[in-house]
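The structure appears below as structure tokens.
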Amino acid sequence: MNPFSSPTRLRDMIRAIRACKTAAEERAVVRKECAAIRASINENDQDYMHRNLAKLMFIHMLGYPTHFGQMECLKLIASPGFPEKRMGYLGLMLLLDERQEVLMLVTNSLKQDLNHTNQYIVGLALCALGNICSAEMARDLAPEVERLLHFRDPNIRKKAALCSARIVRKVPDLAENFVNPATALLREKHHGVLITGVQLCTELCKISSEALEHVRKKCTEGLVRTLKDLANSPYSPEYDVSGFTDPFLHIRLLRLLRVLGEGDADASDSMNDILAQVATKIETNKIIGNAILYECVQTIMSVEDNGGLRVLAINILGRFLLHQDNNIRYVGLNMLMKAVTADAQAVQRHRATILERIKDSDASIRKRALELVCILVNETNVKALTKELVDYLEVSDPDFREDLTAKICSIVSKFSAEKIWYIDQMLKVLSEAGNFVKDEIWHALIVAISNASELHGYTVRALYKAFQMSAEQETLVRVAVWCIGEYGDILINNVGMLDIEDPLTVTESDVVDVVEIALKRHASDLTTKSMALVALLKLSARLPSCSERIREIIVQYKGNLVLELQQRSIEFNLIIAKHQNIRPTLVERMPALDEVTFIARRARSLPDAALTPTGPSVGLPNGVARPEAPIVDLLDINSDDAPVPSSSGGDLLQDLLGVDLSLASQKSDASQPSKNGTDVLLDLLSIGSPSAPTESPTQSNSSTINILSPKASKKVPLSPLDDLSSLSLSSKATSNAGAATTMDLLDGFAPSPSTEENNKLVYPSITAFESSSLRLVFNFSKQPGNPQTTNIQATFRNLTSNVYTDFVFQAAVPKFLQLHLDPASGNTLPASGNGSITQNMKVTNSLHGKKSLVMRIKIAYKINGKDSHEEGQINNFPRDL
Amino acid sequence: NNNSFWLQIHFVLLISRQGKVRLTKWYSPYSQKERSKVIRELSGVIISRAPKLCNFVEWRGFKVVYKRYASLYFCICNDQEDNELETLAIIHHYVETLDRYFGSVCELDLIFNFHKAYFILDEILLAGAMQETSKRTTLRLIGAQEDLVEAAKEEASSLSNIIAQATK
């Protein structure tokens with residue numbers, strides 16, 4: 001029976017598959033074929049095995065599972081005929097990988113075939129072994145392969161050589177067995193044997209230092225001669241590639257010489273001449289010539305330094321950069337990058353060429369060139385290089401801008417010793433590519449500006465001008481807004497004019513215009529808008545004549561949908577309207593931000609930054625989401641010179657409140673040197689909470705509020721302070737009591753006439769429940785215009801020395817009341833009043849004015865895992881809630 | 001530190017412009033699952049690459065050198081340190097050998113005679129290294145092996161003829 005006349009031939013199956021119009025059709029054809037092949041396998045049909053496997057390989061390449069054919073490979077390999085074996089070995093290499101157990105079964109067949117009388121069958125076995133051999137097979141078959149290195153036919157010797165390379169790579173211990181036969185191969189004339197012998201020797205030298213010593217001593221001269229002969233050989237059609245005789249052998253000889261010359265001056269010396277000859281004589285108009293040259297350069301850079309050769313090599317790479325073929329430009333840059341460590345001076349000479357490559361049409365070359373330029377930057381060339389880079393920023397590809405911006409920023413900040421240059425470059429970057437500038441970069445810029453007091457005027461004027469030109473760059477807008485808020489008065493008065501500046505006429509209303517534009521700009525995000533509001537507040541004090549206009553702008557945001565802006569708007573409005581007397585102190589010019597602290601903080605925050613996505617402005621703008629960011633300081637109304645508390649808790653508290661409350665609560669005695677603003681707050685705190693100093697340091701901003709209010713309720717006439725707690729309720733709802741609290745405190749402190757009208761909405765706190773173990777205090781507030789609804793903030797305090805866990809508060813009200821309970825601030829109540837749990841609730845009284853509130857409560861918690869609960873009824877609500 | 005200095009080809013891929021695999025040759029251990037992942041990933045990267053870019057793609061710490069011939073992408077995955085320009089020459093060497101064998105080779109030749117494309121590659125590269133740099137030698141060896149296959153075929157058919165006649 002003729003095996004080539006069976007139902008579907010390989011060709012027909014391929015045709016059928018190619019005729020399929022949809023993936024589903026293809027699947028159907030493949031399924032049918034696979035079924036037929038399986039059936040044939042099950043019948044153990046010898047005649048079709050060969051063809052089945054060919055089909056399976058094609059199906060495999062299409063991505064279908066073909067594991068059921070694996071055993072067929074082994075069967076074919078075990079069969080006696082050459083065609084079967086050939087297909088079997090091909091299937092083995094394609095369908096199996098070296099990790100599969102099945103492979104172990106083939107070792108025996110391989111062994112037999114390696115000893116076969118037919119050299120082509122030996123060749124098949126060597127090929128399969130070389131491509132997929134595992135460590136076990138390597139051990140088992142190494143003697144056979146070693147023997148084949150002496151086989152009479154060179155085509156088997158070359159296969160055996162590469163097989164040996166694979167074997168020693170898998171099992172390095174076997175290296176010594178191969179050293180002698182391998183070095184013998186280096187004397188062969190047959191190119192195939194020679195090139196494989198060279199590769200085997202390279203492999204051996206990399207694995208074993210003894211082999212390296214041996215080859216270095218015995219073969220270096222011979223290899224140099226071989227390379228010389230090859231380089232000088234006349235045209236030979238068999239090995240010619242574009243005019244070069246066997247460039248592949250060329251390259252591999254150079255590579256072996258590299259291994260031999262590395263770390264050995266004598267060997268390096270002996271190859272000097274030939275390296276110089278290759279480096280100078282090779283024609284470079286063909287890509288293959290450049291491949292040889294490239295290899296030669298790599299060898300020169302690796303072997304021991306011998307004077308002019310390295311400079312010659314780096315000059316070759318410089319020429320690569322000018323080549324019209326971008327592949328050659330690419331390898332040139334790649335190699336220069338490595339060469340920088342060997343000879344930075346020689347690479348510097350090609351700086352201009354490298355800089356040109358930043359403008360390459362090929363993105364991967366641009367990226368590489370940029371990296372290389374960054375390596376080359378030093379004090380002497382930084383200005384020129386930065387200028388080039390910044391100039392290029394204007395015209396660069398949008399895709400490339402992000403990389404470029406980041407690199408320029410890192411260069412500029414690395415060499416930021418000269419402040420005016422640093423500020424200039426940063427402003428250029430912000431104007432060109434501000435949207436790509438990362439937060440920490442512009443934060444650092446603000447820190448630097450605040451420290452350069454002699455440049456405040458210059459900077460704010462430059463920013464004012466830049467804003468007019470590039471208001472679409474978010475980070476530029478932010479820095480401009482901050483600086484204008486901070487130094488608005490300097491801007492108008494042209495204070496600190498430098499010689500290089502042109503005079504600028506800016507009126508007070510121009511200044512406010514800029515901030516207003518930033519605030520109302522459609523594209524501005526929350527951070528920018530919040531910064532603009534703060535800037536306006538500052539300007540209201542710096543430019544008194546615009547105060548009313550600023551207030552009007554601010555007031556527009558009191559109904560803003562974003563709570564943050566709404567809250568700021570209301571607070572700032574109050575400050576401008578009611579607290580003229582303290583406003584200048586509040587928004588006094590910020591002292592220079594401590595650069596050292598900032599850098600330390602940034603270093604600390606960097607690991608975090610790597611974990612969190614650094615998308616623009618995710619968090620809330622006053623830094624609640626990112627307490628480490630210096631923007632916190634930007635809002636810092638009264639950052640004084642006191643060192644930043646080292647504990648992160650204190651840090652956070654300070655950041656959140658925007659004033660140095662941690663200092664105040666830890667030490668309220670006046671011995672601490674502090675500025676006016678802090679004094680105000682200290683006074684306030686000592687009025688509001690006379691016992692505050694005896695409290696342990698406060699843990700969080702919410703507990704600060706809560707400490708203040710209940711204590712106060714017992715002592716002093718309540719109205720102003722209740723205002724405090726009532727407002728703080730609303731701010732707590734945003735879980736963002738930061739600056740709001742400060743404002744509330746101030747508001748409570750100020751003996752302003754408006755307390756009278758506020759009074760209507762203010763109720764004294766009550767101790768709603770008290771037992772030997774627990775105290776519960778309620779604070780009340782009402783929304784104006786909604787008398788029926790009362791907001792209650794419940795504060796629980798543990799009076800025992802045991803920690804309460806799993807703390808749950810439940811409340812019930814009669815039908816005429818509606819109760820809404822927010823989640824509690826926690827479920828663990830620390831012992832001895834060292835902290836508290838707060839919980840907000842909202843009670844709506846449908847019989848407001850007729851009936852008072854009443855509430856039944858149940859409090860459950862665990863002490864050391866033991867359940868405990870307390871119940872009670874609260875009847876002592878203020879009457880008109 | 002020497003181990004970081006292997007210079008070997010890890011795999012060779014032939015992918016059509018439509019993303020169909022025409023040849024895969026693995027010289028480093030990749031499980032079947034990894035292989036299909038690699039093919040998927042790389043064909044996406046290479047086919048979608050803009051035409052005027054250089055022929056090197058950095059990929060998972062390796063360097064993939066590719067070159068397009070008509071509708072086929074020839075890709076070779078190398079170690080980072082390897083000579084990319086030479087790898088391009090190896091690809092060209094393979095293509096020229098195929099061209100001589102098939103006589104102006106086209107994608108269809110490589111589809112219907114995919115096994116021959118493998119056999120030729122196996123005579124040029126072995127264990128991820130260069131085995132033979134002479135096209136003539138490569139083709140002579142391929143020819144000799146095809147003669148063996150033909151001889152076996154004839155023997156089989158004459159054998160089946162004898163059997164057929166004997167059983168008539």
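Side-chain atoms are counted along with the backbone in the values below, which use heavy atoms only and exclude waters and symmetry mates. Letters go in sequence order (proteins before strands), and every chain restarts at 1.
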> Is it true that B:D109 and B:K116 have a side-chain N and a carboxylate O under 4.0 angstrom from each other?
Replying inline: no

> What residue in A:M57, A:R15, A:R86, A:R11 has the most heavy-atom pairs under 4.5 Å with chain B?
Replying inline: A:R86

> Are B:H10 and B:F62 close enough that their ring centers fall under 6.0 Å?
Replying inline: yes

>> Which one wins on heavy-atom pair count under 4.5 Å against chain B: A:I14, A:N118, A:N327?
In response: A:N327

> What part of A:H190 gets closer than 4.5 Å to chain B, counting heavy atoms only: side chain, backbone, both or neither?
Replying inline: side chain

> CD of B:Q32 to OG1 of A:T66: how many Å apart, nearest 0.5 Å?
Replying inline: 6.5 Å

>> With a 4.5 angstrom heavy-atom cut-off, is it the side chain or the backbone of B:A129 that approaches chain A, or both, or neither?
In response: both

>> Counting heavy-atom pairs under 4.5 Å with chain B, which one of A:L95, A:D325, A:L249 comes out on top?
In response: A:L95

> Under 4.0 Å between a Lys/Arg side-chain N and an Asp/Glu carboxylate O for A:R252 and B:E86?
Replying inline: yes

> B:Y69 vs B:F74 aromatic rings, parallel, tilted or perpendicular, using cut-offs 30° and 60°?
Replying inline: perpendicular

> Given a strict heavy-atom distance threshold of 4.5 Å, which part of A:E84 is in contact with chain B: side chain, backbone, both, or neither?
Replying inline: neither

> Would you call the rings of B:F11 and B:Y30 parallel, tilted or perpendicular, where under 30° means parallel and over 60° means perpendicular?
Replying inline: perpendicular

>> What part of A:L90 gets within 4.5 angstrom of chain B, counting heavy atoms only: side chain, backbone, both, or neither?
In response: side chain

> So which of B:H115, B:E84, B:K20, B:R22 has the largest heavy-atom pair count under 4.5 angstrom toward chain A?
Replying inline: B:E84

> Who among B:L53, B:V21, B:V149, B:T24 has the most heavy-atom pairs with chain A under 4.5 Å?
Replying inline: B:L53

> Tell me, side chain or backbone of B:L159 under 4.5 Å from chain A's heavy atoms, or both, or neither?
Replying inline: neither

> Where does B:I39 contact chain A at under 4.5 Å (heavy atoms): side chain, backbone, both or neither?
Replying inline: neither

> For atom CD of B:E41, is the number of surrounding heavy atoms from other residues, nucleotides or ligands below 6.0 Å larger than 12?
Replying inline: yes

> Given that the side chain runs from C-beta out, which part of B:F114 has a heavy atom under 4.5 Å from chain A: side chain, backbone, both or neither?
Replying inline: side chain

> Where on B:I163 is there a heavy atom nearer than 4.5 Å to chain A: the side chain, the backbone, both, or neither?
Replying inline: neither

> For the candidates B:A89, B:G128, B:S36, which exhibits the highest count of non-hydrogen atom pairs separated by less than 4.5 Å from chain A?
Replying inline: B:A89

> Does B:D82 pair with A:R255 as a salt bridge, N-O distance under 4.0 Å?
Replying inline: yes

> Going by an N to O cut-off under 4.0 Å, is there a salt bridge joining A:D360 and A:R329?
Replying inline: yes

> chain B: which of A:G63, A:C127, A:P237 shares the most heavy-atom pairs with it under 4.5 Å?
Replying inline: A:C127

> Which bit of A:K159 is near chain B, if near means a heavy-atom gap under 4.5 Å: side chain, backbone, both or neither?
Replying inline: both

> With a 4.5 angstrom heavy-atom cut-off, which part of B:L108 approaches chain A: side chain, backbone, both or neither?
Replying inline: side chain

>> At a 4.5 Å cut-off on heavy atoms, which part of B:N161 comes close to chain A: side chain, backbone, both, or neither?
In response: neither

>> Would A:K85 and A:Y89 count as a cation-pi pair here, with the cationic atom under 6.0 angstrom from the ring centre and within 45° of the axis?
In response: no

>> Looking only at heavy atoms and a cut-off of under 4.5 Å, which of A:N326, A:I288, A:L10, A:N290 has the most pairs with chain B?
In response: A:N326

>> Centroid separation under 6.0 Å, is that true for the rings of A:Y239 and A:H191?
In response: yes

> Can you tell me if A:E238 and B:T137 form a side-chain donor-acceptor pair at under 3.5 Å?
Replying inline: yes

> Highest number of heavy-atom pairs under 4.5 Å with chain A: which of B:E96, B:K52, B:K63?
Replying inline: B:K63

> Ring centres of A:F248 and B:H93 under 6.0 Å apart?
Replying inline: yes

> Between A:N334, A:L124, A:V331, A:D240, which residue shows the highest count of heavy-atom pairs closer than 4.5 Å to chain B?
Replying inline: A:V331

